[in-house]
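A quick write-up on the structure given underneath.
By convention in this document, chain letters (A, B, ...) are assigned in the order of the sequence lines, proteins followed by strands, and residues within each chain are numbered from 1. Below, all heavy atoms of this structure are taken into account, side chains as well, without hydrogens, waters or symmetry copies.
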Amino acid sequence: MNGDAAKPKVLVVDDEMQIRRLLCFTLEDAGYEVCEADTGHAGLAEVVHSHPDAIILDLGLPDMNGVEVLKRLREWSTTPVLILSVFGQEGSKIAGLDAGADDYLTKPFAGGELLARLRALLRRTKPAEVGSVIQFGAIVMDLERRRVTKGGQVVKLTAKEYALLRLLVSHRDKVLTHRQILNDLWGPKAERQTHYLRVFMMRLRRKLEEEPDAPKYFQTESGIGYRLVSDGS
Amino acid sequence: MTVAGSFAPFTYHALGHVYLLVVIALCLRVGRGPVLFAAIVSAVVWNYVFIPPHLSFSVLDFDDALLLGIYFVVALTAGQLTARIRSQQREEQQREQRATALFHLTRAMAGARTLDEAVDAALRQADELFSARTAALLAGEKGGLAAHPAGSFHLRDKERRVAEWVWRNGREAGRFTEVSATAAGLHLPMLRAGVCLGVFAVCLPPEAALTTTEQRELLEGFAAQIALLVEREQLRAAGEREKLLAESNRLHRTLLDSVSHELRTPLAVLRSAAENLGGDDGARRASLVAEIRMATSRLDHLVANLLDQTRLESGAVQPQPDWCDVRDLISAARRGLGEALAGRPLKTEIPDDMPLFMADAPLMEHVLANLLLNGVRHTPAGSPLTITAGLDDGSGRVFIAVADRGPGIPAEMREHVFHKFCRGSEARAGGLGLGLSIVRGFVLAQGGEVVADDNPGGGARFTVYLPHMLHGTVPNE
């Protein structure tokens, strides 16, 4: 099907030609194969036609709303999607994430940021890491033995704290919306109880971060949710 | 012997002169009728008592008849003259009364600071002067006729219709006039340059009568005075509007000037850096790229501020409050600022028991980022910034304060810095002066407050206050 099977393929759906062209440069330099579409319909057709490994989707398309494109796509495809949006559209970002997008970026963004997000998205499609050990900074999480250490010292976590950490780790470097986390940990009835999340996140940071007030790993996405940044840059 | 007999030393002629004197003296006191009556009575008495034969009417000889004739002519003329003088006197008095009333009215109105107060004063004066109930109806902005609340005469159905008629036609109507004479009140138009600005309605006591034209003229004078006042107020309001318009034009010009400057500078940098990159052999590459990055971040910040301000002004900012942890907000704001905070020690002082509070996280992130950036802009490079947060004991609100060690803000500027397009006099190039105005807009939109004051120990401090409420319990597991 594809000559160079090792190269992951990324579909860029954006109506601005200049943005597409510059994204192409960035992505091709990083070793991706790129295909483009300038409308929602053309994007959906391109997904069918070229089976991309990931999709970069602008929310402001001329023919249809980006969220609408996502909804249609999710009826038959699980290809990871990164949405592009601008400040002040928190509502549409959340709608996009709820409609099945895997992450978002706010324009204007840096190329490095884009590539980091894309790497995280493509990792999801790899086989699940059950039983493996995950490390970020001085923190080591042994999923099989349910044990967390920081600089070699065992950190005592309650069951909920562990569940929260585990959820974040399994989606590391990707954003998790408040709703997703609350739903996963406390069930659908707690979807709006963001204060649970604030309190538990504070506890987790105090136990694991060097500077809980300036967290390196457990980062807040204002108005959206949280992200565990595994490389702590 | 009669009483007259004792006057024997005088001739009856001399007595006739005394009578004449009395009649003339009477002229000074009473009207023309009584004088004539007194003249006739005295003539008869004179004839009957004094002209011989005494105590009987006698036929007059030529001398006596002549005296009597002169006697009447003098009495009549004198009576006529004094009556005229007296009526002039009365007119003079009334004119003076009217002038005094109008003078009091003008003085009362001049002392008033607003149109409302002035109309109130005018109506009180009118009530007292005419011992009547009065009302002023002014043409409203929406086109209707609205009764001034200070009026003591409350117009109902019929009176109201009469007033409306007066207003439309600019002619008087009601009691004492030819139109709707059965109405209880007299309705006078307030005319200025042919335009009817309202209606002055007077309800005189039922027994009162508008006998003299003076009274009516005085009423008309009142109506004219109030009309003058209303017109002056309208002119003043128009002037005010003109001033506002000029101010808004000035703001637009400032905006256009500074926006075009602020936009063009980074664009010029981008353009020339791109051109240089094209012809560059590699030596300056890194510094040109750095220039491009700086210009883009400047543009980014500028556009973000312009959009925020526009969103605020168009009412598009609708906060979505949710539970916030101040540490989250601070770290997100720091992350968003990135390189702008490079080289700045930033200390945060947050108590362990800092409560969660309801706020819109993205808006608060912008508020904090703008306050930090403001601190960076107005303080020397490398000087520290501090963020403190906590629960304000006095007001029970949550506060977040961003403080610096810069030159501080003079007390008289502290309110002004939150106005848009206000830039510190020592501000370095860059910036539109929108940052703090956006801070205030976003904070107000969330039901909070932001104040600027001195940072104890030197520098400026901006404190954001937000309402504090308790959240529900959090399950332990």
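- B:S331 and A:Q219 share no side-chain donor-acceptor pair at under 3.5 Å.
- At least one side-chain heavy atom of B:N455 sits under 4.5 Å from a side-chain heavy atom of B:R405.
- No donor-acceptor pair closer than 3.5 Å links the side chain of A:D15 to the backbone N or O of A:T39.
- Scanning residues 385-392 of chain B against chain A with a 4.5 Å non-hydrogen threshold yields no residues.
- Considering only heavy atoms from C-beta on, B:R397 comes within 4.5 Å of B:E449 through its side chain.
- Checked by atom type and distance alone, the side chain of A:H171 pairs as donor or acceptor with a backbone atom of A:L167 at under 3.5 Å.
- Side-chain atoms of A:Q153 never come within 3.5 Å of backbone atoms of A:T149 as a donor-acceptor pair (strictly under, hydrogens ignored).
- With sequence neighbours excluded, the residues that form a side chain to side chain contact (heavy atoms under 4.5 Å, CB included) with A:I94 are A:D98, A:I224.
- The stretch residues 348-360 of chain B places B:T348, B:I350, B:D352, B:L356 near chain A, each with some heavy atom under 4.5 Å from a heavy atom of that chain.
- For B:R335, the part lying under 4.5 angstrom from a heavy atom of chain A is the side chain only.
- Across A:R119, A:R227, A:K174, A:R172, a single residue satisfies salt bridge (Lys or Arg N to Asp or Glu O under 4.0 Å) together with A:D103, and that is A:R227.
- Remark: the B:N374 side chain and the B:H378 side chain contain an N/O donor-acceptor pair separated by less than 3.5 Å.
- Within residues 188-205 of chain A, the residues having any heavy atom less than 4.5 Å from a heavy atom of chain B are, in residue-number order, A:T194, A:H195, A:Y196, A:R198, A:V199, A:F200, A:M202, A:R203, A:R205.
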